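All figures in this text were calculated on a predicted structure; none of them were measured in a lab.
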Protein chains: 2
Amino acid sequence: MVVLAAIPDNYTKKSTMNELKETLKIHHLRSTTCREDVLSTFIKRKIALSHGDLEGALGEQYDRVTIYRTLKTFLEKGIIHKVLDDEGLRYALCSHRCSEEQHQHDHIHFKCSECGQTNCLENLHIPAVSLPVGYQPESFNLLIQGVCPKCN
Amino acid sequence: MVVLAAIPDNYTKKSTMNELKETLKIHHLRSTTCREDVLSTFIKRKIALSHGDLEGALGEQYDRVTIYRTLKTFLEKGIIHKVLDDEGLRYALCSHRCSEEQHQHDHIHFKCSECGQTNCLENLHIPAVSLPVGYQPESFNLLIQGVCPKCN
DNA sequence: TCATATTCTGCAACAGAGTTGCAGAATAAA
DNA sequence: TTTATTCTGCAACTCTGTTGCAGAATATGA
């Protein structure tokens with residue numbers, strides 16, 4: 001079955017189209033050009049995107065509201081997740097297989113203070129934190145700010 | 001010298017007033033009733049507050065804009081810091097001695113999914129994360145979501 | 001205590017982010 | 001191809017946050 005992270009970099013347009021449709025289908029969403037374009041923008045750019053970024057990329061083709069609703073739907077279905085830094089809210093693809101029911105909750109994000117881009121650091125674990133008595137943790141979100149390899 | 005975290009719970013109104021004025025003075029800010037009230041709200045509530053929270057508490061006494069500007073000033077002076085979760089932006093007192101020049105950048109925040117309150121967990125360290133080659137970290141921000149001792 | 005330079009506040013007006021209702025358009029499934 | 005369901009665009013709105021400016025309040029030195 002299709003997992004987003006498995007989509008190769010050098011995909012052909014046709015196979016991508018099928019992958020996109022497939023991904024939407026898995027999450028019980030209708031295939032529409034807007035959803036395919038939003039999804040494909042996330043896949044191509046590989047970084048966390050704000051609503052503004054998407055509006056910049058697709059704003060002439062789709063209404064602001066539609067993009068908002070697409071993001072909201074993708075969030076609910078577990079296709080993307082929120083990424084927060086001190087500049088505001090962005091979204092990034094869920095690399096692990098998430099769904100409406102089950103969502104991978106631990107994330108490490110790295111925000112570069114030079115280029116401003118935010119990436120998910122996959123395959124990294126957040127080390128255990130020993131919390132004071134009484135605190136029952138459910139999810140962890142680590143935001144690291146610094147300089148990324150490209151800008152280093 | 002006065003450190004905010006050192007202000008006792010059972011302070012008298014008068015001594016608090018002096019503490020507040022003192023704190024503002026340390027950071028080279030004029031004492032105004034708005035600033036004192038905002039500061040004292042943070043001290044009393046002990047949790048991270050949004051602009052909306054403060055407007056709810058002080059909105060009849062002060063203009064929206066003034067509260068925004070007070071928060072901005074406090075941020076710049078290192079009196080408070082930003083706290084982000086998936087619901088948005090809040091602010092919390094800096095417990096360590098921060099200033100305009102030097103700011104303690106590593107924070108652990110705990111957000112309770114029951115009562116919705118967010119606390120800073122002082123005295124806790126974020127464990128070392130081994131980043132991929134090329135990433136140069138500068139600051140760490142860990143948001144833990146779960147159930148707090150009060151709601152447990 | 002008073003005068004003055006500096007800083008703060010409130011108001012008005014604005015920009016941007018995000019939401020809602022509704023009618024018409026597009027999709028999936030029979 | 002038909003039909004039920006879902007999606008989209010439009011209009012209008014709320015909420016958050018910002019800016020400019022004039023008048024008010026504060027700190028400082030005399």
* OP1, OP2 of C:dT9 versus side-chain N and O of B:R69: anything below 4.0 Å? -> no
* Residue-phosphate contact under 4.0 Å: B:K72 side-chain N/O, D:dT19 OP1/OP2 -> yes
* Which part of the nucleic acid, if any, lies within reach of A:T73 when heavy atoms closer than 4.0 Å are counted: base, sugar-phosphate only, or nothing? -> nothing
* Asked: Is there a donor in the side chain of A:T70 and an acceptor in the side chain of A:Y62, or the other way round, less than 3.5 Å apart?
  -> no
* To do: Respond yes when some side-chain nitrogen or oxygen of B:T32 is under 4.0 Å from OP1 or OP2 of C:dT9, and no when none is.
  => yes
* Between B:K111 and B:E87, is there a salt bridge with N-O shorter than 4.0 Å? -> yes
* Atom OH of A:Y62 to atom C1' of C:dA25: distance rounded to whole Å? -> 14 Å
* Asked: How many Å lie between NE2 on B:H51 and C1' on D:dT14, as a whole number?
  -> 15 Å
* Establish, with yes or no, whether the OP1 or OP2 oxygen of D:dA25 is under 4.0 angstrom from a side-chain nitrogen or oxygen of B:R30. => no
* Which of these nucleotides, C:dT20, C:dG10, C:dG18, is closest to any side-chain atom of B:D63? -> C:dG10
* To do: With the side chain of A:T66 defined as its heavy atoms from C-beta on, choose the nearest nucleotide among D:dT8, C:dG10, D:dT18.
  => D:dT8
* Asked: For B:A128 and A:P127, which heavy atoms make the closest approach, and how far apart are they?
  -> O-CG, 3.3 Å
* Structure fact -> By salt bridge (charged side-chain N to carboxylate O under 4.0 Å, His left out), A:R90 pairs with (sequence neighbours left out) A:D85
* Asked: Which is true for B:Q61 with a 4.0 Å heavy-atom rule: it touches a base, it touches only sugar-phosphate, or it touches nothing?
  -> sugar-phosphate
* Confirm from the modelled atom types if B:R64 and C:dG10 form a donor-acceptor pair under 3.5 Å, side chain to base only. => no
